[in-house]
Amino acid sequence: MSTGMVVDRGLEGVVVGHTDLSNVEGQVGRLTYRGYDIDDLAPNANFEEIAHLLLYGHLPSAKELEDFKRELASRRELPGPLLTAMQTVPKTAWPMDVLRTIVSGLALFVPVNNHGEHVSDVHSAIELIAKMTTIVAAWDRIRRGLDPIEPRADLSHAANFLYMRTGKVPAPVEEDAIDTYLVLLADHSFNASTFSARVTASTRADIYASVTAALATLTGDLHGGAASATYTNLVAIGSPDKAEKFVHDEIAKGNRIMGMGHREYRVRDPRAKHLEAIAKDLAAHSGTKWYAIARELENQSQRILAEEHPDRKIYANVDFYTAPVLADLGIPGDEFTCLFACGRAAGWTAHILEQLHDNRLIRPQATYSGPPPGPFVPIGKR
Ligand code: COA
């Protein structure tokens with residue numbers, strides 16, 4: 001039955017709102033945060049400056065940055081009962097499941113008003129950004145049978161994360177790598193997880209519920225799970241000379257090449273070149289093979305996918321070089337999506353506050369394709 005309604009499966013090309021936070025220009029491959037090009041931000045600004053930019057609307061002055069860093073550092077510790085709860089989780093639990101559950105659990109330790117609501121403001125946003133890296137690092141250690149390491153207030157957000165995993169202050173090249181990674185992942189307009197956060201916030205659910213929804217949405221391998229899947233591919237390939245056969249085999253099996261393709265970009269994802277440069281530096285620092293395999297996998301994938309899809313340009317996306325970067329930092333492949341979440345927490349929380357500031361319930365429609373109206377069938381007659 002035709003209703004005359006236009007159905008846009010996947011909302012491709014549908015504009016569902018406006019934002020001041022970031023702009024994705026898919027045809028030219030440009031990403032800006034509040035008007036600043038990530039090509040300028042990635043080499044020049046740290047994650048704390050970007051989180052401030054997104055949450056407060058401007059790049060911080062030196063004094064504002066100090067205050068912001070102090071607040072972020074002061075909010076890193078987790079409530080003791082949550083750390084205890086993490087100790088009881090099966091060690092086989094998937095890191096994103098742990099992160100989502102514990103972020104949701106944070107709400108239990110924050111006072112509610114008479115309607116059961118938590119305050120959703122810039123401070124609860126900073127709280128969530130600060131604590132997410134602590135959760136990821138704590139689970140990383142707990143599942144290895146090690147005690148969590150307390151956060152250090154004197155370290156940057158990036159350095160403190162690596163420190164909480166290993167107990168060692170990272171080398172500058174490692175700190176810079178994770179810091180730039182977090183900068184590049186901080187926001188990306190109305191991507192699926194951000195949209196999910198905004199849908200949840202639009203019901204006037206609070207920031208904890210909204211970030212939990214975003215975490216759930218990020219999990220899938222068509223979104224934040226692609227970097228882990230790319231790493232699995234790099235391991236399976238093993239050496240650069242096997243990349244070509246791998247791509248042919250995957251396509252013959254009907255599989256997608258993870259880390260390739262994007263809904264918005266019709267050119268190479270602008271974040272990929274920065275991540276590729278970091279991956280190259282880290283490979284030189286650590287002597288691993290991940291960058292070399294990834295480089296050849298991208299060449300082969302781009303060439304073979306262009307033959308398969310002459311009408312559609314399929315290039316590396318942000319997740320592609322995330323895999324060698326995070327692998328070289330010693331982070332296990334199944335934790336990559338958690339790191340994505342730690343960066344995107346800045347964007348999610350800024351979007352949630354933006355949504356709440358000028359809210360309208362997000363409630364789309366669907367065309368109905370089930371049976372026509374009919375009489376109820378009593379249970380004895382079914
Ligand atoms: N490997 C192989 N083929 C791919 C592909 C990939 N990575 N990405 C897209 N394609 C193909 C599809 O199979 C499809 O072919 P068809 O028309 O013959 O069915 C065509 O390109 C269009 O794909 P579609 O799924 O409609 O495009 P989309 O806009 O929904 O795709 C992604 C965007 C990200 C979902 C898609 O590129 C993908 O699945 N990539 C791999 C997962 C990934 O890296 N996700 C992270 C995104 S940041």
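Numbering of ligands and ligand atoms starts at 1, following listing order. Counting begins at 1 with the first residue of the sequence.
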Relative to the ring of F47, is the ring of H157 parallel (under 30°), tilted (30 to 60°) or perpendicular (over 60°)?
parallel
For the residue pair F68 and H52, categorise the inter-ring angle as parallel (less than 30°), tilted (30 to 60°) or perpendicular (more than 60°). perpendicular
- Do NZ/NE/NH1/NH2 and the carboxylate oxygens of E298 and R268 come within less than 4.0 Å? yes
**Polar side-chain atom of N44 near backbone of D40 as donor-acceptor pair, under 3.5 Å** = yes
Starting from the N and O atoms of ligand 1, find every protein N or O within less than 3.5 Å and list the pair with its distance.
unit_1: ligand 1; atom_1: 1 (N); unit_2: I257; atom_2: N; d: 2.9
unit_1: ligand 1; atom_1: 7 (N); unit_2: I257; atom_2: O; d: 2.8
unit_1: ligand 1; atom_1: 7 (N); unit_2: M260; atom_2: O; d: 2.7
unit_1: ligand 1; atom_1: 25 (O); unit_2: R256; atom_2: NH1; d: 2.7
unit_1: ligand 1; atom_1: 25 (O); unit_2: R256; atom_2: NH2; d: 2.9
unit_1: ligand 1; atom_1: 27 (O); unit_2: R312; atom_2: NH2; d: 3.1
unit_1: ligand 1; atom_1: 29 (O); unit_2: R263; atom_2: NE; d: 2.9
unit_1: ligand 1; atom_1: 29 (O); unit_2: R312; atom_2: NH2; d: 2.9
unit_1: ligand 1; atom_1: 30 (O); unit_2: R263; atom_2: NE; d: 3.3
unit_1: ligand 1; atom_1: 30 (O); unit_2: R263; atom_2: NH2; d: 3.2
unit_1: ligand 1; atom_1: 39 (O); unit_2: R256; atom_2: NH1; d: 2.8
unit_1: ligand 1; atom_1: 40 (N); unit_2: M260; atom_2: O; d: 2.9
unit_1: ligand 1; atom_1: 44 (O); unit_2: G259; atom_2: N; d: 2.8
unit_1: ligand 1; atom_1: 44 (O); unit_2: N317; atom_2: ND2; d: 2.9
unit_1: ligand 1; atom_1: 45 (N); unit_2: L222; atom_2: O; d: 3.3

Point to revise | Test item: T217 side-chain N/O and S193 main-chain N/O as donor-acceptor pair under 3.5 Å | key: no
Residue set satisfying side chain to side chain contact (heavy atoms under 4.5 Å, CB included) with P95, at least two apart, ordered chain then number -> W139, R143, D334, E335, C338
